[in-house]
Amino acid sequence: MVNTQKIITPEQNLDRDCTTLSRHVLQQLQSFSPDAQDLSALMNRIALAGKLIARRLSRAGLMEGVLGFTGEINVQGEWVKKLDVFANEVFISVFEQSGLVCRLASEEMENPYYIPENCPIGRYTLLYDPIDGSSNVDINLNVGSIFAIRQQQGEDLDGEAKDLLQDGYQQIAAGYILYGPSTVLVYSLGRGVHSFILDPSLGEFILAQENIRIPEQGSVYSVNEGNFWQWDESIREYVRYVHSQDRYTARYSGALVGDIHRILMQGGVFLYPGTKKQPNGKIRVLYESAPLAFLVEQAGGKTSTGTQNLLEVIPEQLHARTPLIIGSKIDVELAESFIKKELC
Ligand code: F6P
C-alpha cells in the first residue's frame, strides 16, 4: 500500500532541524502556559532517557557487563536483563530534581517509585516499559521503550496507586522510542501523532513526520503463531482465514514497539490474544497496550481486547494484562468479528 503521508523535504531542513521535541510540544499546545511548559519539559526528559538508552544499546556489545541476565526474576515472573535494570534507572534518574514527576511506575518495579523531593509540586506520574522486547537485546535486534504520562490524582497515601486504575483516555501523553537502525520517538498529546528521529550529530530528536495517519487497511498481520494451539478457536479461525487470503503477509519481531511502528506506518494488525495459560494474554495495560492504543487511535486506527475498546479498559491492578488487537480499523474489525461471532 502506498504511504501518502507528508515527508519533510531537504529544502525545509533548517526549519526542521530547529523543530526539536520540546518546541514541538509548545507548538502543539499553542501555549506557553505552565501546563504547556510542564509537558514540554516532561517530553524533553523522556527524550533524554531515550538518548541515554540508545547510547548504551549502540555500544552494548563492546562493553563488559552490559548484556545478559542479572539472575533475578521480576514482578512479571520474567528473568531480568541487565539492560532492563539500566533503562529502568535511567527513567528514574532523568526525572530526579525535575519538580515534575512525583511517581514512576514501570514493568520492572512491583510498586510505584516515589521521588520525594518532587512530590510537593510534581503533578504527574510516568508509566513506562523501559526496554520492551528485551529478548531481542542480546542479538542486536530492535527494542523499544513505551511511556505514558498521567495526572497525579490525590495523595496515594497507601502507596498502591489506585488512582492509576483508570481508562486509557486519562493519559495526557503517550508514545514510544524505537531503537532500530535509527532511534525514533513517536508521541501524541491527543492532538495527532508525530515522529522524531535522533540526529546523533546534534544529539537532538528532530521532527520527521507530523500527523501520521495509519492506513485504513494493511497487508501485515503480526502475531506469535507459536501459540496457535493455546488460543481460543475463534482466533484460530481468524488466522486460518488470514492464511486463505492473498493480501496478507506475516511479520513478527518479538518486540511490540517494532511491530506497532511498522503497522502505524504501513497498516495492518498486531494481535496478542489470551492463551490457555494466560487468558488475558501477555501485554500489560498501563504501560504497554494503553499508551500504544492512545497513539494508534490518534492516528485513525483502532484497538480492542476482542470485545471492548482497549482505551476503555479499567485495569484491576498496576500490572494487569489484557488481550490486544491493534492497528488499521478494517483489519482490527475483521479480527474482532471472529471473536464476536463465537460469543453469539
Ligand atoms: O510484552 C513484552 C513483549 O516482549 C513484547 O514486546 C512482544 O510483542 C511480546 O512480549 C513477545 O512475546 P512472545 O515471545 O510471547 O511472542
Side-chain angles (χ1 to χ4, degrees), residues 50 53 57 67 69 73-85 87-88 91 105-110 127-148 168 174-180 184 186 220-232 235-236 238-239 250-264 268-296 303-306 310 313 315 317-327 332 335:
I53 295 168
L57 286 168
L67 297 175
F69 293 96
I73 292 183
N74 69 11
V75 57
Q76 325 285 341
E78 292 159 358
W79 290 99
V80 178
K81 298 221 149 165
K82 290 177 186 165
L83 264 162
D84 289 324
V85 175
N88 191 55
F91 276 94
S106 100
E107 183 188 347
E108 300 305 325
M109 302 185 288
E110 184 164 5
L127 292 126
Y128 64 110
D129 181 357
I131 299 274
D132 164 70
S134 51
S135 70
N136 279 4
V137 152
D138 292 346
I139 48 170
N140 197 29
L141 294 179
N142 71 275
V143 290
S145 301
I146 307 175
F147 59 87
Y176 60 77
I177 303 163
L178 170 64
Y179 310 101
V184 180
V186 179
V220 165
Y221 78 100
S222 190
V223 64
N224 184 347
E225 293 194 45
N227 292 333
F228 191 84
W229 292 108
Q230 305 303 314
W231 296 330
D232 277 355
I235 303 289
R236 290 204 288 268
Y238 163 72
V239 169
R251 292 285 183 274
Y252 192 77
S253 74
L256 185 59
V257 168
D259 290 327
I260 296 293
H261 189 66
R262 181 200 303 276
I263 285 167
L264 185 66
V269 60
F270 176 96
L271 300 95
Y272 207 110
T275 58
K276 281 185 193 143
K277 271 199 213 135
Q278 290 187 297
N280 285 327
K282 185 176 183 190
I283 311 298
R284 275 59 54 119
V285 180
L286 282 169
Y287 43 80
E288 288 185 307
S289 53
L292 297 173
F294 189 79
L295 285 183
V296 165
T303 61
S304 168
T305 61
L310 202 135
V313 169
Q317 38 125 330
L318 187 59
H319 299 288
R321 303 166 194 252
T322 183
L324 173 65
I325 307 176
I326 182 167
V332 170

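Order of listing sets the numbers, starting from 1, for every ligand and every atom in it.
Annotation for F147 and P291: closest pair O-CB, 3.5 Å, computed over non-hydrogen atoms.
In summary, the side chains of N227 and T275 do not present any donor paired with an acceptor at a separation below 3.5 Å, with no hydrogens or angles considered.
At a heavy-atom cutoff of 4.0 Å, ligand 1 is surrounded by D132, G133, N224, Y252, G254, A255, L256, F270, Y272, K282, I283, R284, E288.
Using modelled atom types, no side-chain atom of N88 and backbone atom of P130 make a donor-acceptor pair closer than 3.5 Å.
The side chain to side chain donor-acceptor pair (under 3.5 Å) test applied to H261 returns Y176, not counting sequence neighbours. In this view, T322 satisfies the side chain to side chain donor-acceptor pair (under 3.5 Å) rule with no residue, not counting sequence neighbours. Partners of R262 under the side chain to side chain donor-acceptor pair (under 3.5 Å) rule, at least two apart in sequence or in another chain, do not exist in this structure.
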